[in-house]
Amino acid sequence: MASPEERYNFRETESRWQETWAAKNTFRVEEGSSKPKYYVLEMFPYPSGRLHMGHVRNYTLGDVVARYKKARGFNILHPMGWDAFGLPAENAALERGVHPGKWTRQNIAVMRDQFRPLGLSLDWSREIATCEPEYYKHEQKMFLDFLKNGLAYRKESIVNWDPIENTVLANEQVIDGKGWRSGADVEQRKLNQWFLKITQYAEDLLQGIETLDRWPEKVRLMQHNWIGRSEGARVRWPIIGRDGTALPEPLEVFTTRPDTLFGASFCAISAQHPLAARVAEADPELAAFILECSRGGTSTAAIETAEKKGYDTGLRARHPFITDKTVPIYVANFVLMEYGSGAIFGCPGHDERDMEFARKYALPVRCVVAPVGEDPQAFAAKLEAGDVAYTDDGIAINSGFLNGLKVDAAKRAAIAKLETQNAGTGTVQYRLRDWGVSRQRYWGCPIPIIYCDACGTVPVPDENLPVTLPEDVTFDKPGNPLERHPTWKHTTCPACGGKATRETDTFDTFFESSWYFARFCSPKLTDRPFNQVEAMKWLPVDQYIGGVEHAVLHLLYSRFFTRAMSDCGYLNLKEPFAGLFTQGMVCHETYRAADGAWVEPDSVTWEGDKATADGKPVVVGRSEKMSKSKKNTVDPQRILDTYGADAARLFMLSDSPPERDLEWTEAGIEGAWRYINRLWRLAVTAAETPASTLPPTLDPSVVAVQRQIHRAIAAVSDDLEKFRFNSAVARIRELTNALADMDRSVAGGAAVYRFGVETVAQLVNPLTPHIAEEVWRTLGHATLLTETPWPGYDASLLEDDSVTIAVQVNGKLRGTITVPKVADKAALEAAALAIPAVQKQLDGKPPKKVIIVPGKIVNIVAA
RNA sequence: GCGGGUAUGGCGGAAUUGGUAGACGCGCCUGACUCAAAAUCAGGUUCCUCUGGAGUGGGGGUUCGAGUCCCUCUACCCGCACCA
């Protein structure tokens, strides 16, 4: 029976250890250490105001890795910072009239305080905030270096416009045709924008994926698809005008199927194609069609569902292979200007979309590929009469010099011929577009550029960096406050000294997060973003942890930045993150009142399986990601106040594998809290047990526990290495159960018990560091457990002298036998056959066959 | 449409190379302690027609033996989506 003194006081204990670790700088990087380095990083938080459960899970996972690796003898870099620029700060300014900078810095202060009681092994001396000029001045310099090296450029282009956020979005920030934060239908607008040349690295980024063997397959695949490499050809089609004369410039189309050129029945160009505009000058009907395409296509979502429409320009394109053959050129609403050359040739027989178009406009369908093993004539007749395209592999038919070749060979032959005829070239096309980084927002890093009527685009000279954000701005009107600031925008040209204006756009906030991992290597350096030697020592990040939602955003941008920084002399590295772990979301049941309004979990009361809120019944919905809109959030603060950090951490780690979604339940956290107390009682008992040395002979039951301790060390070590934290918890609980059940009064009992409790403290330390440290101290250790090496195990104690193995008859379990580990096959067979249940199954007949796998199983095959 | 993933008790999940399915926990049940409750402790808990049988989403296959390998179907989840 636990007396009040013995009850575990997490409030006092957890804060005491947090203070001790802080006072001793336990988690600072060890300068000049000869230990191997290990860089653990979790995706840094946006200072939204308060920590949420997703943060707690993310940082707990990272902390387990950091503490485990520290015990394993590594010199750990485990820093924390703030991804502090972003739109919510401006929204707060609009709604509450508070300056974005003030709001952000207040949030940082609140959240930093919320971090402390979690007991994370962070090196706070390296804290950074991206909204401070000490940080962003370096990225302004970096941008200018990118510009010098041809990695940044400005151009007018059609961009994704978010009408709610009043800013441009990158392609990666448009999800299902909607803004990734606002959810608004994204519109198309033509604007002058700064771009970073991520496409220059398309091939390298693609190939680099192969080296990321400690990344989840899912993320690698998503990046692979996002880059979207396709091999094909650019084909030039001479154009014949409406009057029958040839135009000077040919039409260039991109295709991945040059093998189907003989099946071409039309060409189609984008409504934004220059040729379309030229023809429209003399054709009002076409001009109207083009307008319709762009009007109907203001939202990306609308484009995707729109019916395929075309307009015959009256121009014709001359086929590269077939003399005298020409095809009509259409303007089509489904051809994208941004991909390939903004023009295609249509082969309806072997492309679904072209088939749809051809049937609509009564264009010919010609079969030029037939599947192997089918009669080509019959197949072609069926295909040409139907409306389903054949897109699989096959053999070229009706295709002149390509006839008889399979698709791959035909592609190569077609490209070779195009090249000899000077009618086209083999090429590689990527889906990846350059990264538009201009944002029409205030709360971001100013783009260090000046526009001068005389000198054009002029970079801000180094000595004038940083270009800092003005503090005196107003948010009383829509649009970018920098644009209407009375003085900030107006400046003099650094080149000619004349009147000039500043760029008022700021960088996409993904700019800051694309290099922060390097800044942590020398966070206080003032003259450069980071020290190259330090960065090369710590990078790549050994273990990066965060949500999968950044698979093609932050994670791709960072890989690009690392390459770009290397090409500009900042680094010599390609991949920033050697290991990546993407954690699941934290979910909770949802509740709705009769009127459909969401109800918070805290206001729901249960009576049996009936849930009510304010006396009215509520409908229990499915478990979903915690979100403010569905009100199914649980405030980490309340959990920490009620159960402490260790219980919260333990529950988060034990209930689900870390890559899967976690269902938050009050019962679960209570279970974790019970375990903490159970462990504490064990420790109190162990501390009361007089320390004794191990006697020469141990009671067999004690030997069994001793084996279990060593097995637990081996299993938990392996589990922690492989992110199987839920299994690690199970193994530790098993050992705890065994220790609680053991007889301490027999020979060696007391000593092994004590050793066992000590081992539990060590094993549980990365997961629940406060109680672990407290147990360690209670057992009489003067040194910190946090500074104690990871326990080793005795391999000879992992296995028992005797093993229990299963006995099957025809694959069905009929009994078990416990035999010496060294028992030979004959002994195993004899023991197995002696089992009554086995005898019964055999029914007096001799077995047909006996399969014996020593140490594992005996399977008797009955006649 | 294309690509990927997942499916195991009432629930979360375990079973690392094919070898005793359901570890560990939650919930539930019984008992002890208590005036009572909570907490704690002890025991039980896959299902069924229970000396046996069935069982890892459905169906089929390989094997002495399949949650695990192969084929096929279904459901759900995620990513991309007129990319030529």
Side-chain angles (χ1 to χ4, degrees), chain A residues 1-2 7 175-177 216-226 228-230 232 253-257 260 267-268 270 300 303-308 332-336 338-347 351-354 356-357 429-433 548-549 551-552 623 650-651 654-657 660-663 665-672 674-675 677-678 681 715 718-719 722 724 726-737 740-741 804-816 837 840 847-853 855-862:
Chain A
M1 201 71 249
R7 202 170 298 145
I175 314 288
D176 290 335
E217 191 52 40
K218 180 189 168 75
V219 176
R220 305 199 322 169
L221 200 74
M222 281 168 72
Q223 292 211 352
H224 190 274
N225 293 340
W226 190 261
R229 182 184 200 274
S230 18
V253 309
F254 174 73
T255 179
T256 55
R257 294 293 303 272
T260 63
C267 282
S270 164
T300 316
I303 292 174
E304 282 164 12
T305 50
E307 188 191 353
K308 287 176 190 31
N333 65 345
F334 63 87
V335 180
L336 306 172
E338 307 88 68
Y339 187 75
S341 56
I344 61 159
F345 85 84
C347 174
D351 183 286
E352 295 290 354
R353 196 194 36 210
D354 294 346
E356 193 185 328
F357 194 78
Q429 185 68 42
Y430 299 91
R431 208 188 72 114
L432 184 70
R433 320 268 167 80
V548 75
E549 66 272 16
V552 289
S623 180
L650 184 65
F651 170 61
S654 64
D655 213 48
S656 289
R660 268 195 239 177
D661 288 352
L662 172 82
E663 162 83 3
T665 61
E666 203 66 22
I669 181 84
E670 276 168 15
R674 271 201 293 278
Y675 175 78
N677 281 285
R678 219 165 117 77
R681 285 194 298 277
D718 193 41
D719 285 339
K722 293 171 181 160
R724 292 192 303 243
N726 55 328
S727 289
V729 172
R731 297 286 91 78
I732 293 167
R733 292 184 100 128
E734 253 176 345
L735 178 57
T736 309
N737 291 346
D741 291 345
T804 300
I805 65 172
V807 178
Q808 300 179 334
V809 178
N810 293 337
K812 288 211 183 304
L813 185 71
R814 295 297 168 187
T816 57
K840 193 179 164 191
K848 198 165 147 192
K849 194 176 170 187
V850 181
I851 286 121
I852 298 166
V853 184
K856 297 238 163 162
I857 204 157
V858 177
N859 190 13
I860 294 158
V861 185

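Below, chain A is the first sequence line, B the second, and so on; all start at residue 1. Given the structure is predicted, the values throughout are model-derived calculations rather than measurements.
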Chemist: Between protein and nucleotides 13-19 of chain B, map the contacts as a letter string: B base, S sugar-phosphate only, - none, heavy atoms under 4.0 Å, written 5' to 3'.
Modeler: SS-B--B
Chemist: By side chain to side chain contact (heavy atoms under 4.5 Å, CB included), which residues pair with A:T736, not counting sequence neighbours?
Modeler: A:Y675, A:L682, A:I732, A:V760
Chemist: Which residues satisfy the side chain to side chain contact (heavy atoms under 4.5 Å, CB included) test with A:L813, sequence neighbours excluded?
Modeler: A:A806
Chemist: Looking at A:R229 and B:C83, is any side-chain donor or acceptor paired with a base atom of the opposite kind under 3.5 Å?
Modeler: no
Chemist: Should A:R733 be listed as having a side-chain N or O under 4.0 Å from OP1 or OP2 of B:A23?
Modeler: no
Chemist: In whole angstrom, what separates A:I669's CD1 from B:G12's C1'?
Modeler: 15 Å
Chemist: Within the structure shown, what part of the strands sits under 4.0 Å from A:G671 by heavy-atom distance: base, sugar-phosphate, or nothing?
Modeler: sugar-phosphate
Chemist: Can you sort out the partners of A:K722 under salt bridge (charged side-chain N to carboxylate O under 4.0 Å, His left out), two or more places apart, ordered by chain and number?
Modeler: A:D718
Chemist: How close or far is atom P of B:A84 from atom CD of A:E352, stated in whole angstroms?
Modeler: 14 Å
Chemist: So, does A:S230 get its side chain near the phosphate of B:A84, meaning an N or O under 4.0 Å from OP1 or OP2?
Modeler: yes
Chemist: Does A:D719 have any side-chain hydrogen bond (donor to acceptor under 3.5 Å, both in side chains) partners at least two apart in sequence or in another chain, and if so, which?
Modeler: A:R724
Chemist: Assign A:V335 to base, sugar-phosphate, or nothing according to its heavy-atom contacts below 4.0 angstrom with the strands shown.
Modeler: base
Chemist: Who passes side-chain hydrogen bond (donor to acceptor under 3.5 Å, both in side chains) against A:Q223, sequence neighbours left out?
Modeler: A:R559
Chemist: Write out a two-atom table: protein N or O, nucleotide N or O from nucleotides 44-53 of chain B, distance below 3.5 Å.
Modeler:
{"from": "B:G53", "atom 1": "OP2", "to": "A:R814", "atom 2": "NH1", "distance (Å)": "3.4"}

Chemist: Hey, does the side-chain of A:K849 have a donor or acceptor N/O within less than 3.5 Å of a partner on the base of B:C64?
Modeler: no
Chemist: How does RNA chain B look in dot-bracket notation if pairs are Watson-Crick or G-U with both distances under 3.5 Å, crossing ones as [ ], other-strand ones as |?
Modeler: (((((((..(((......[....)))((((((.......))))))(((...)))..(((((..]....))))))))))))....
Chemist: With sequence neighbours excluded, what pairs up with A:S230 under the side-chain hydrogen bond (donor to acceptor under 3.5 Å, both in side chains) test?
Modeler: A:Y339
Chemist: Does a side-chain N or O of A:R681 approach OP1 or OP2 of B:C41 to a distance below 4.0 Å, or not?
Modeler: yes
Chemist: Excluding sequence neighbours, so at least two apart, what forms side chain to side chain contact (heavy atoms under 4.5 Å, CB included) with A:T816?
Modeler: A:T804
Chemist: Could I get the full list of side-chain hydrogen bond (donor to acceptor under 3.5 Å, both in side chains) partners for A:R814, not counting sequence neighbours?
Modeler: none
Chemist: Looking at residues at least two apart in the chain, or sitting in another chain, which of them share a side chain to side chain contact (heavy atoms under 4.5 Å, CB included) with A:K218?
Modeler: A:M222, A:V548
